[in-house]
Amino acid sequence: MIAAALQSRSPSDVQVRALSRREWRVSDSRIAKDNALSVIGFIARNRDGYEVIEFGTPVARTVRPDLASAISCFVSEAPPA
């Protein structure tokens, strides 16, 4: 799969797996699970909300008020042509 195709990510491409009660790993389901590049970030619950670490260039960090909005940070659907 070419890199440009991976830049756009629909909700069905985003896979969230709980690592603990307060931490989640976020992966792109289009990439094989045994490929480290499938991991696109992490979410951690802290006193300020849900901290989102999104791997990219550069790595982005943001805090969201709830888990659903934290997960939505990883969705980047391309605008219609």
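Quick caveat: nothing in here was measured; it's all calculated off a predicted structure.
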Compare every heavy atom of [Y] with every heavy atom of [X], then report the nearest pair and how far apart it is.
X     : Y     : answer
Cys73 : Glu54 : O-OE1, 3.5 Å
Val63 : Asp48 : CG1-O, 3.6 Å
Ile40 : Phe74 : O-CE2, 3.6 Å
Ser12 : Ser29 : O-OG, 3.4 Å
Val75 : Arg9  : CG1-O, 3.3 Å

Can you tell whether the side chains of Arg45 and Glu23 come within less than 4.0 Å, N to carboxylate O?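 Salt bridge: no.
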* In a check of side-chain contact (heavy atoms from CB on, under 4.5 Å) between Phe55 and each of Leu37, Val26, Val39, which one passes? ->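 Exactly one option meets the side-chain contact (heavy atoms from CB on, under 4.5 Å) with Phe55, and it is Val39.
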Between Asn35 and Ser38, is there a side-chain donor-acceptor contact under 3.5 Å, judged purely by atom types and distance?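 Their side chains do not contain a donor-acceptor pair, so the 3.5 Å distance test is not met.
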Check for me, please, whether Val59 and Val52 land in the same ILVMFWY cluster - side-chain distances under 4.5 Å, paths through other members count.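 The answer is no; the residues belong to distinct hydrophobic clusters.
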Under 4.5 Å between any side-chain heavy atoms of Asp28 and Val14, yes or no?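 A side-chain contact under 4.5 Å is absent here.
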- Is the shortest heavy-atom distance from the side chain of Ser10 to the side chain of Asp13 under 4.5 Å?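 Touching, per the 4.5 Å side-chain cut-off.
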Which value, rounded to the nearest 0.5 Å, describes the distance between Ile43 atom CD1 and Ile71 atom CD1?
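Ile43 CD1 to Ile71 CD1: 5.0 Å, rounded to 0.5 Å.
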Item to complete: Please collect all ring-ring contact (aromatic ring centres under 6.0 Å, His included) contacts where either partner lies in residues 10-40, sequence neighbours excluded, each pair once.
Response: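 Output for this query lists Trp24-Tyr50.
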